[in-house]
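Written out below as structure tokens is the structure these notes cover.
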Amino acid sequence: MDHAAHHASGHTDAGHDHVERADRIDRGGRASGASWVTAAKATLHCLTGCAVGEILGMAVGTALLWGNVPTMVLAIVLAFVFGYSFTLFAVRRAGLGLKAAVKVALAADTVSIAVMELVDNGIIALVPGALDAHLSEGLFWASLLGGFVVAFLVTTPVNKWLIGRGRGHAVVHAYH
């Protein structure tokens, strides 16, 4: 979206969630951090891509009766692929060239996806029997989804910190 044209037409940021101001200005005119709403939205966006990749990887590895390590590696690789691709498609749609869009996606998502994957795979590894559970078992889905919830709770403050410093998902805000 062309924010300059948007503002010139008399519209303001109020009521437009996609252009919520990522940082707050303190009395000295310095950025004082990102809002929790902005951080949660960025984390949810990242989690969506990660979840698609992770679920697909876990499902494929489990269905093919692969061992735990190859299944987790596939799930993590696909989580990064889908996480990056969601951002990549969004910034490409906004008119960014492929090379620049790849740089934005890498800058926006790498830390967030890495933290998310570390946490949710750690949860799965720590839940007794979860690594050996099959697709038809509740333990498989409970540990996977529980891992996503914990990953969201851990990654949101990380994204808040990054966005407040102009990093992470803050680099994508210019293209919404």
Side-chain angles (χ1 to χ4, degrees), residues 18 34 36-94 96-165 167-173 175-176:
H18 65 281
W36 282 105
V37 171
T38 298
K41 286 179 182 180
T43 305
L44 188 57
H45 175 267
C46 189
L47 179 63
T48 302
C50 287
V52 169
E54 182 119 3
I55 290 170
L56 183 60
M58 290 288 196
V60 167
T62 301
L64 295 175
L65 302 175
W66 287 1
N68 294 336
V69 173
T71 298
M72 285 187 109
V73 168
L74 177 63
I76 291 167
V77 167
L78 290 178
F80 274 92
V81 168
F82 279 89
Y84 286 139
S85 67
F86 279 26
T87 298
L88 184 65
F89 291 134
V91 295
R92 289 281 292 146
R93 190 176 50 228
L96 215 56
L98 181 60
K99 186 176 180 179
V102 168
K103 287 181 182 180
V104 167
L106 291 173
D109 294 332
T110 300
V111 172
S112 184
I113 295 171
V115 170
M116 208 165 287
E117 287 305 297
L118 180 67
V119 171
D120 71 45
N121 282 287
I123 296 295
I124 293 167
L126 292 174
V127 171
L131 287 173
D132 297 319
H134 295 280
L135 292 173
S136 61
E137 296 177 46
L139 181 59
F140 174 88
W141 295 103
S143 62
L144 188 61
L145 298 176
F148 290 148
V149 170
V150 175
F152 177 83
L153 295 173
V154 171
T155 308
T156 298
V158 172
N159 281 330
K160 182 181 186 308
W161 184 85
L162 288 168
I163 294 167
R165 282 148 189 80
R167 294 185 169 91
H169 279 265
V171 300
V172 175
H173 286 257
Y175 305 103
H176 284 127

In short, Cys50 meets Ala79 closest at the heavy-atom pair O-CB, 3.6 Å
If every non-hydrogen atom of Ala42 is compared with every non-hydrogen atom of Ile163, which pair is closest and at what distance? CB-CD1, 3.8 Å
Within a 6.0 Å radius of atom CZ on Arg167, are there more than 12 heavy atoms belonging to other residues, nucleotides or ligands? no
Of all pairs that satisfy side-chain hydrogen bond (donor to acceptor under 3.5 Å, both in side chains), the ones with a partner from residues 98-107, not counting sequence neighbours: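 Pairs touching residues 98-107 that pass the test: none.
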Output all residues satisfying ring-ring contact (aromatic ring centres under 6.0 Å, His included) with Tyr84, sequence neighbours left out; order by chain, then residue number.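 If we apply the ring-ring contact (aromatic ring centres under 6.0 Å, His included) test to Tyr84, skipping adjacent residues, the hits are Phe80.
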Between [atom1] of [X] and [atom2] of [Y], what distance do you get to the nearest 0.5 Å?
| X | Y | atom1 | atom2 | value |
| --- | --- | --- | --- | --- |
| Asn159 | Phe152 | CG | CZ | 9.0 Å |
| His169 | Thr43 | NE2 | OG1 | 7.0 Å |
| Leu44 | Thr156 | CG | OG1 | 8.5 Å |

Output side-chain donor-acceptor pairs under 3.5 Å for residues 55-62, partner residues at least two apart or in another chain, one line each.
| unit_1 | atom_1 | unit_2 | atom_2 | d |
| --- | --- | --- | --- | --- |
| Thr62 | OG1 | Met58 | O | 2.7 |

Output side-chain donor-acceptor pairs under 3.5 Å for residues 143-151, partner residues at least two apart or in another chain, one line each.
| unit_1 | atom_1 | unit_2 | atom_2 | d |
| --- | --- | --- | --- | --- |
| Ser143 | OG | Leu139 | O | 2.9 |
| Ser143 | OG | Phe140 | O | 3.1 |

Do Ile113 and Cys46 have side chains that get closer than 4.5 Å, going by heavy atoms?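 They are in contact (side-chain heavy atoms under 4.5 Å apart), so the answer is yes.
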Less than 4.5 Å apart, side chain to side chain, heavy atoms only: is that true for Thr155 and Leu47? no
If you look only at distance, which donor and acceptor atoms sit under 3.5 Å apart when one is on a side chain in residues 116-135 and the other is two or more places apart or in another chain?
| unit_1 | atom_1 | unit_2 | atom_2 | d |
| --- | --- | --- | --- | --- |
| Glu117 | OE1 | Asn121 | ND2 | 3.0 |
| Asn121 | ND2 | Glu54 | OE2 | 3.3 |
| Asn121 | ND2 | Glu117 | O | 3.0 |

